[in-house]
*Asks:* 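Below is a structure I'd like to ask you about.
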Amino acid sequence: MAFSSSSKLSVFFLFLGIASIVSADFNNEFDITWGDGRGKILNGDMLTLSLDKSSGSGFESRNEYLFGKIDMQLKLVPGNSAGTVTAYYLSSKGSNWDEIDFEFLGNLSGDPYILHTNVFSQGKGNREQQFYLWFDPAADFHTYSILWNPQRIIFSVDGTPIREFKNAESIGVPFPKNQAMRIHSSLWNADDWATRGGLVKTDWSQAPFTASYRNFRADACVVSSGKSSCGGSASSGGSQAWLSEELDNTKQERLRWAQKNYMIYNYCSDSKRNALFIRCSISCLHLQTKHSSMAFSSFSKLSVFFLFQGITSIVTADFNNEFDITWGDGRGKILNGDLLTLSLDKSSGSGFESRNEYLFGKIDMQLKLVPGNSAGTVTAYYLSSKGSNWDEIDFEFLGNLSGDPYILHTNVFSQGKGNREQQFYLWFDPTADFHTYSILWNPQRIIFSVDGTPIREFKNAESIGVPFPKNQAMRIHSSLWNADDWATRGGLVKTDWSQAPFTASYRNFRADACVVSSGKSSCGGSASSGGSQAWLSEELDNTKQERLRWAQKNYMIYNYCSDSKRFPQGFPPECKIA
């Protein structure tokens with residue numbers, strides 16, 4: 001996502017697309033509406049909003065608009081902006097309001113802002129698309145534009161369109177076209193959710209935080225006393241040409257470039273929220289087929305091959321022989337030997353543990369996670385040794401509100417040290433059916449896989465001083481428990497106990513592994529390529545490496561090896577070989 005990775009075509013877009021801006025006097029156009037002096041208009045041509053521990057600030061346009069081409073240059077809060085949100089948007093009033101949003105979610109120094117966009121019509125939103133930017137939005141002013149006409153809404157940055165929301169009233173989708181809207185902006189503290197779901201709080205030692213605005217322009221229909229300043233139909237050469245404007249071929253190419261390289265979330269690609277996209281509007285369908293790298297319909301033939309060819313062959317094991325329910329007072333159950341369930345209610349969760357200890361192996365388990373509103377719950381499935389210098393290999397599934405995806409959290413601990421988190425969304429609904437979660441663990445590497453598709457590889461880097469789990473035998477564990485103090489949006493969303501009991505199900509366990517008993521391993525000699533222990537030297541071949549790249553490019557949402565704030569003196573040494 002670095003600017004240096006832009007193609008020559010991309011750079012051409014950036015310089016060609018910068019909007020021509022005509023300055024307006026902020027004194028005539030806007031009122032500071034709150035903040036007790038923290039919002040200021042300077043010489044008419046500059047406006048600033050500030051935030052400190054006591055309050056933020058905001059402004060509102062004097063005019064109301066019904067359609068228009070709105071430009072504003074913003075320079076966002078520099079440095080450590082974690083916990084802050086700069087919202088710049090159009091909005092009407094009332095319970096069935098319309099709204100068109102730019103929201104900039106602050107982050108730690110060195111990490112990019114998230115540009116969040118949304119469209120509300122008749123009080124209904126949930127149409128989020130999120131982006132990183134190809135520049136530092138805190139280093140200088142950049143132009144953020146909204147083109148809003150009866151046919152479409154286009155969000156642009158420095159003249160490059162990043163999103164188009166089309167009028168789809170023909171299929172029953174409300175479109176903002178009847179309610180006049182004012183321009184609003186605010187700078188406020190949202191450290192309960194804005195940065196990593198509320199895990200990172202605002203550093204008030206950096207206050208006051210300041211965002212700056214200049215070069216406002218509204219070529220728009222002003223509504224006053226119920227009447228619009230726009231009359232007649234727009235002509236191609238008139239000042240109201242934007243009333244029928246659409247994206248030409250050049251701008252469509254620029255839109256594809258922005259969405260391919262910088263879009264990080266698209267509600268139209270979120271199959272859990274949209275029931276395999278059946279309920280998506282025309283704009284969703286357009287994005288799925290042309291722009292979104294995460295939409296199922298945009299998978300390459302190779303990606304589809306991965307999904308259907310990569311499913312692991314599983315040999316069913318009897319849970320009665322392999323596992324013990326270790327806690328939960330009856331909330332964990334083994335049913336007919338081939339199915340295990342864990343349940344959680346307000347009194348307790350539950351868990352199980354393998355009878356065997358393993359030192360290296362290929363472990364498969366099929367899980368079906370808690371369906372519906374799983375917010376606040378965590379389903380942990382992992383290998384772990386004991387003691388203060390334990391080793392551990394983790395899958396953790398962080399529940400979410402109905403319609404929002406689970407977060408699959410992975411980690412590796414060696415000699416008691418973890419902090420090696422990678423997190424992912426999944427390309428399917430993990431609550432609708434069983435899926436196979438696998439750990440391959442040998443002396444050279446640990447590979448995490450989902451339905452046979454590798455999502456993460458952690459290599460043995462002892463040669464550069466990184467401890468690797470290879471000396472301590474581990475048992476398989478799983479638990480279902482309440483973690484609503486942190487699991488969902490950093491603890492903002494609590495467990496809805498009216499949905500209890502919550503249940504996760506397990507089947508088709510297989511361990512092709514070295515069992516350790518009384519200090520001795522069941523594995524002897526070196527592995528041969530055709531033997532049952534071939535996994536002892538297994539690595540990713542070219543096909544699986546391609547599958548790994550596909551999964552990480554499209555579904556990884558956090559990687560500790562990219563978190564410069566956590567490691568200001570340099571990333572952990574294993575990141576160099578990741």
*Asks:* Heavy atoms only: give me the nearest Tyr213-Ser185 pair and the separation to one decimal.
*Replies:*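 Looks like OH-OG, 2.5 Å.
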*Asks:* Is it the case that the side chains of Ser50 and Thr210 hold a donor-acceptor pair, with the cut-off being a distance below 3.5 Å and no angle test?
*Replies:* yes
*Asks:* Just wondering, more than 12 heavy atoms not from Asp36 lying within 6.0 Å of its CG?
*Replies:* no
*Asks:* Is there a side-chain contact between Val85 and Tyr113 in this structure, where contact means two heavy atoms from C-beta onward sitting under 4.5 Å apart?
*Replies:*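 They are not in contact (no side-chain heavy atoms under 4.5 Å apart), so the answer is no.
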*Asks:* Quick one: does Asp52's side chain have a donor or acceptor within less than 3.5 Å of a partner on Ser55's backbone?
*Replies:* yes
*Asks:* Could you tell me the separation between the CZ atom of Arg214 and the OG1 atom of Thr143, rounded to the nearest 0.5 Å?
*Replies:*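 Arg214 atom CZ to Thr143 atom OG1 measures 8.0 Å (nearest 0.5 Å).
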*Asks:* Can you check side-chain contact (heavy atoms from CB on, under 4.5 Å) on Val157 and Phe135, steps first, answer last?
*Replies:* CA-CA 11 Å; Val157 178; Phe135 51 81; 3.6 Å; yes
*Asks:* Spell out, as yes or no, whether a donor-acceptor pair under 3.5 Å connects the side chain of Arg182 to the backbone of Glu60.
*Replies:*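 No: the side chain of Arg182 does not pair with the backbone of Glu60.
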*Asks:* Measure from the side-chain N and O atoms of Arg254 to the backbone N and O of Gly159, and report whether any donor-acceptor pair falls under 3.5 Å.
*Replies:*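 At least one qualifying donor-acceptor pair exists.
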*Asks:* Determine, for Glu245 against Lys251, whether the closest basic-nitrogen to carboxylate-oxygen distance falls under 4.0 angstrom.
*Replies:* yes
*Asks:* Looking only at side chains, do Asn118 and Tyr267 share a donor and an acceptor under 3.5 Å apart?
*Replies:*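 No, because no side-chain N or O of Asn118 sits under 3.5 Å from a partner of the opposite role on Tyr267.
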*Asks:* Which atom pair, heavy atoms only, marks the closest approach of Asn266 to Gln129?
*Replies:* OD1-NE2, 3.2 Å
*Asks:* Indicate yes or no: at least one non-hydrogen side-chain atom of Trp257 is less than 4.5 angstrom from one of Thr160.
*Replies:* yes
*Asks:* Can a side-chain donor-acceptor contact be found between Asp429 and Thr431 if the only test is distance below 3.5 angstrom?
*Replies:*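 Per modelled atom types, Thr431 and Asp429 side chains form a pair under 3.5 Å.
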*Asks:* Once the angle between the rings of Phe104 and Tyr144 is folded into 0 to 90°, is it parallel (under 30°), tilted (30 to 60°) or perpendicular (over 60°)?
*Replies:* perpendicular
*Asks:* Provide the closest heavy-atom pair for Arg163 versus Leu255 in the form atom of the first, atom of the second, distance.
*Replies:* N-CD1, 3.4 Å
*Asks:* Counting C-beta onward and ignoring hydrogens, is there a side-chain heavy-atom pair between Gln499 and Thr377 closer than 4.5 Å?
*Replies:*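 Side-chain contact under 4.5 Å: no.
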*Asks:* Would Asn107 and Thr195 count as having a side-chain donor-acceptor pair, cut-off 3.5 Å?
*Replies:*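 No, Thr195 and Asn107 have no side-chain donor paired with an acceptor closer than 3.5 Å.
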*Asks:* Restricting to salt bridge (charged side-chain N to carboxylate O under 4.0 Å, His left out), what partner residues turn up for Lys177, sequence neighbours left out?
*Replies:* Glu169
*Asks:* Could you tell me whether the side chain of Ser57 reaches within less than 4.5 Å of the side chain of Ile32, counting heavy atoms only?
*Replies:* no
*Asks:* Could you report the tightest heavy-atom contact between Glu99 and Ser91, atom names first, then the distance?
*Replies:* OE1-OG, 3.5 Å
*Asks:* Does the side chain of Asp496 come under 3.5 Å of the side chain of Ser498 through a donor N or O and an acceptor N or O?
*Replies:* yes
*Asks:* Does Ala82 offer a backbone N or O that forms a donor-acceptor pair with the side chain of Asn80 under 3.5 Å?
*Replies:*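 Pair found, side chain donor or acceptor close to backbone of Ala82.
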*Asks:* Angle class for the Phe26/Phe30 ring planes (parallel below 30°, perpendicular above 60°, tilted otherwise)?
*Replies:* tilted
*Asks:* Return the set of residues passing salt bridge (charged side-chain N to carboxylate O under 4.0 Å, His left out) with Lys40 (not counting sequence neighbours), or none when no residue passes.
*Replies:*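 None.
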*Asks:* Say you draw a straight line from OG of Ser145 to CD1 of Ile154; how long is it, rounded to the nearest 0.5 Å?
*Replies:*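 It comes to 10.5 Å.
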*Asks:* Please work out whether the ring planes of Phe165 and Phe175 are parallel, tilted or perpendicular, with thresholds of 30° and 60°.
*Replies:*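 Answer is parallel, since the angle falls under 30°.
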*Asks:* Do Arg38 and Leu51 have side-chain heavy atoms sitting under 4.5 Å apart?
*Replies:*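 In short, these two side chains do not touch, never coming nearer than 4.5 Å.
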*Asks:* For the residue pair Tyr262 and Ile162, establish whether any side-chain heavy-atom pair is separated by less than 4.5 Å.
*Replies:* no
*Asks:* Would you say the side-chain atoms of Asp45 and Asn43 include a donor-acceptor pair closer than 3.5 Å?
*Replies:* no
*Asks:* Measuring from atom CG of Asn178 to atom CG of Asp98, what distance do you get when rounded to the nearest 0.5 angstrom?
*Replies:* 7.5 Å
*Asks:* Which pair of heavy atoms, one from Trp188 and one from Ala87, lies closest together, and at what distance?
*Replies:*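 Heavy atoms of Trp188 and Ala87 come nearest at NE1-CB, 4.1 Å.
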*Asks:* So which of Phe131, Trp148, Phe102 actually passes ring-ring contact (aromatic ring centres under 6.0 Å, His included) with Phe155?
*Replies:*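 When Phe131, Trp148, Phe102 are each tested with Phe155, the ring-ring contact (aromatic ring centres under 6.0 Å, His included) holds only for Phe102.
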*Asks:* If I compare all heavy atoms of Ala211 with all of Leu187, which pair ends up nearest, and what's the gap?
*Replies:* N-CD2, 3.9 Å
*Asks:* Verify, without hydrogens or angle tests, whether Asp71 (side chain) and Arg217 (backbone) share a donor-acceptor contact under 3.5 angstrom.
*Replies:*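 Checking the backbone N and O of Arg217 against the side chain of Asp71, no donor-acceptor pair under 3.5 Å is found.
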*Asks:* For the atom pair OH (Tyr65) and CG (Asn63), what is the distance rounded to the nearest 0.5 Å?
*Replies:* 4.0 Å
*Asks:* When rounded to the nearest 0.5 angstrom, what is the spacing between CZ in Phe67 and CD1 in Ile153?
*Replies:* 9.0 Å
*Asks:* Please check if the side chain of Ser61 supplies one atom and the backbone of Ile183 the other of a donor-acceptor pair under 3.5 Å.
*Replies:*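 It does hold such a pair.
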*Asks:* So do the side chains of Ser374 and Phe502 get within less than 4.5 Å of each other, counting heavy atoms only?
*Replies:*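 The answer is no; the side chains never approach within 4.5 Å.
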*Asks:* Given side chains that start at C-beta, do those of Ile70 and Tyr88 come closer than 4.5 Å, heavy atoms only?
*Replies:*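 Yes; the side chains approach each other to less than 4.5 Å.
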*Asks:* Does a donor on one side chain and an acceptor on the other come within less than 3.5 Å for Trp134 and Asn261?
*Replies:*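 No, no side-chain donor-acceptor contact under 3.5 Å.
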*Asks:* Using the test side chain to side chain donor-acceptor pair (under 3.5 Å), find all partners of Gln423 that sit at least two apart in sequence or belong to another chain.
*Replies:* His409
*Asks:* When rounded to the nearest 0.5 angstrom, what is the spacing between CD1 in Ile146 and CE in Met181?
*Replies:*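 Between atom CD1 of Ile146 and atom CE of Met181 there are 8.0 Å.
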